[in-house]
Amino acid sequence: MSWNLSVGNVARAGLLLAIGLICAQVSAEPMRVVTEHSPPGEYLDENGRVTGATAELVRELMRRVGAPGDISLVPWARGYRMAQKGPKVALFETTRSELREDQFHWVGPIKRITTGFFVRRDDGVAIQSLDDARSLDGICAYRGGSGGESLSALGFTNLEQPTMPEQCLEMLMHGRVDAWVTSDIGRLPLFDQSTYSADDVELAYITSIRYLYIAMSRDTDKATVNLWQDTLDQMKTDGTLAHYYRGTYPDELIQALSQPGHPDLPWLQ
């Protein structure tokens, strides 16, 4: 009987040792950092390397925290599933929302997106409320975009909805509509591909502000999350974020993001 008991103890000890080794291996597994194609923040260069203003900021953050490996570019849906499942996945840029709050650990913000009605700067169009916007001679919001869907749900009847966002830029600049629903970030690549300047339009009315973060899978230990957050905050105060973002993103965005800590998110109050 004592011999059988000893064998059982040895077996249990072996099992515990195996579990310990597996846990140690998972704990030592490096963070996998993934993003999607979303210029000018993230895209592949001619050598197949992930680059862009936000990607380079995150790469520098990885270097400072001592995270090995590099950034991988994957389709958004795949990256989101990876971050939900783990182990140890960091996905950027991810909108932090009330519905997503408990699905991830959050490091950021690394981006702020301001959406609203953009108008031609020289037209002097003033929009003080959504009711003002309802009286405009046409608002362009490309079909399938969240901006147009939101306005349609609010009962707007003066929408023009082409299939491509660049068509909205052309319609605005040719005077076929009074306003264009887009964001301060989303509009930038369209100007790069056109003969117009981003300074030709201005934001007349804000409809929403979203903050984007690095979303870490829930299995990530709190010490790692804190290290990434503290290091990012230092990069904001020492000018590193401004260095990577200047010339790509609006000055207002850079100034807002250069403050360490988190914005006042209503569901965290």
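In this model, no donor atom of one side chain and acceptor atom of the other lie less than 3.5 Å apart for E60 and T240. E93 and T35 share no side-chain donor-acceptor pair at under 3.5 Å.
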Could you walk me through whether M82 and L91 pass side-chain contact (heavy atoms from CB on, under 4.5 Å), step by step?
CA-CA 8 Å; M82 291 171 63; L91 169 69; over 6 Å; no
Can T54 and Y249 be said to form a side-chain hydrogen bond (donor to acceptor under 3.5 Å, both in side chains), step by step?
CA-CA 10 Å; T54 311; Y249 298 134; 2.8 Å; yes
With side-chain contact (heavy atoms from CB on, under 4.5 Å) as the test, would you mind laying out the steps for Y211 and T95 before giving the verdict?
CA-CA 6 Å; Y211 289 92; T95 299; over 6 Å; no
Determine whether R96 and E101 satisfy the following criterion, salt bridge (Lys or Arg N to Asp or Glu O under 4.0 Å), listing intermediate values before the conclusion.
CA-CA 7 Å; R96 186 173 183 176; E101 183 64 36; 2.7 Å; yes
Could you please spell out the steps behind the salt bridge (Lys or Arg N to Asp or Glu O under 4.0 Å) verdict for R120 and D200?
CA-CA 6 Å; R120 293 182 298 275; D200 291 337; over 6 Å; no
Before giving the answer on side-chain contact (heavy atoms from CB on, under 4.5 Å), spell out for D233 and W228 the whole-Å C-alpha distance, their side-chain angles and the decisive distance to 0.1 Å.
CA-CA 9 Å; D233 286 346; W228 282 59; over 6 Å; no
Working note: R64 + D238, criterion salt bridge (Lys or Arg N to Asp or Glu O under 4.0 Å); need CA distance, chi angles, decisive distance, verdict.
CA-CA 13 Å; R64 294 193 186 188; D238 68 15; 3.1 Å; yes
Take D178 and I139, measure what side-chain contact (heavy atoms from CB on, under 4.5 Å) needs, and give me the verdict at the end.
CA-CA 6 Å; D178 282 345; I139 300 171; over 6 Å; no
Check the pair D219, S217 against side-chain hydrogen bond (donor to acceptor under 3.5 Å, both in side chains), reporting the backbone distance first and the verdict last.
CA-CA 6 Å; D219 63 288; S217 53; 2.7 Å; yes
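Once rounded to the nearest 0.5 Å, the distance linking NE2 of H105 with CG of N226 reads 9.5 Å. In this structure, Q229 CD and I214 CD1 are separated by 8.5 Å, a value rounded to the nearest 0.5 Å. One distance of note links CH2 of W267 with CG of D102; it measures 11.5 Å at 0.5 Å rounding. Between I127 atom CD1 and R134 atom CZ the span is 12.5 Å, to the nearest 0.5 Å.
Residues G148 and A141 approach most closely at CA-CB, 3.6 Å, considering heavy atoms. Closest non-hydrogen pair, P189 versus G186, comes out as CD-O, 3.4 Å. Nearest heavy atoms, W106 versus V225: O-CG1, 4.2 Å. Scanning both residues, A133 and N158, for their nearest heavy atoms gives O-ND2, 3.0 Å. The two atoms that bring W76 and E36 nearest to each other are CB-OE1, 3.3 Å, heavy atoms only. In this structure, T114 and L203 approach most closely via the heavy-atom pair CG2-CD2, 3.8 Å.
With hydrogens and angles disregarded, a donor-acceptor distance shorter than 3.5 Å links the side chain of R59 to the backbone of V50. Checking side-chain atoms of T220 against main-chain N and O of M216 turns up no donor-acceptor pair under 3.5 Å. Under a 3.5 Å cut-off, the side chain of Q167 and the backbone N or O of T163 do form a donor-acceptor pair. Checking side-chain atoms of H243 against main-chain N and O of G239 turns up no donor-acceptor pair under 3.5 Å. Within the 3.5 Å criterion, the main-chain N or O of G41 finds no donor-acceptor partner in the side chain of S38. R121 contributes a side-chain N or O that, together with a main-chain N or O of D199, makes up a donor-acceptor pair within less than 3.5 Å. Of the possible donor and acceptor atoms, none in the side chain of N47 sits under 3.5 Å from a partner among the backbone N and O of R49.
Taking the six-membered ring for Trp and the full ring otherwise, Y213 and H262 have centroids separated by under 6.0 Å. Less than 6.0 angstrom separates the ring centroid of Y80 from the ring centroid of F104.
Linking ILVMFWY side-chain heavy atoms closer than 4.5 Å, directly or via other members, places M31 and V65 in a single hydrophobic cluster. Under the 4.5 Å side-chain heavy-atom criterion for ILVMFWY residues, no single connected hydrophobic cluster contains both Y196 and Y142. Cluster membership for F118 and L151, using ILVMFWY side-chain heavy atoms within less than 4.5 angstrom, is not shared. Taken together through direct or relayed side-chain contacts under 4.5 Å among Ile, Leu, Val, Met, Phe, Trp and Tyr, I110 and L257 form part of one hydrophobic cluster. Under the 4.5 Å side-chain heavy-atom criterion for ILVMFWY residues, a single connected hydrophobic cluster contains both L44 and I71.
Residues E166 and R187 are not paired through a salt bridge, judged by the lack of any N-O separation under 4.0 Å between the basic side chain and the carboxylate.
Not counting sequence neighbours, the partners of H37 by the side chain to side chain contact (heavy atoms under 4.5 Å, CB included) test are P39, Y43, L73. Residues satisfying the side chain to side chain contact (heavy atoms under 4.5 Å, CB included) test with S72, not counting sequence neighbours, are V34. Remark: F156 engages no residue in a ring-ring contact (aromatic ring centres under 6.0 Å, His included) (not counting sequence neighbours).
When the shell of 6.0 Å around CG of D45 is examined, it contains more than 12 heavy atoms from other residues, nucleotides or ligands.
Of the listed residues (K236, Q259, R210), just one forms a side chain to side chain contact (heavy atoms under 4.5 Å, CB included) with P109, and that residue is K236.
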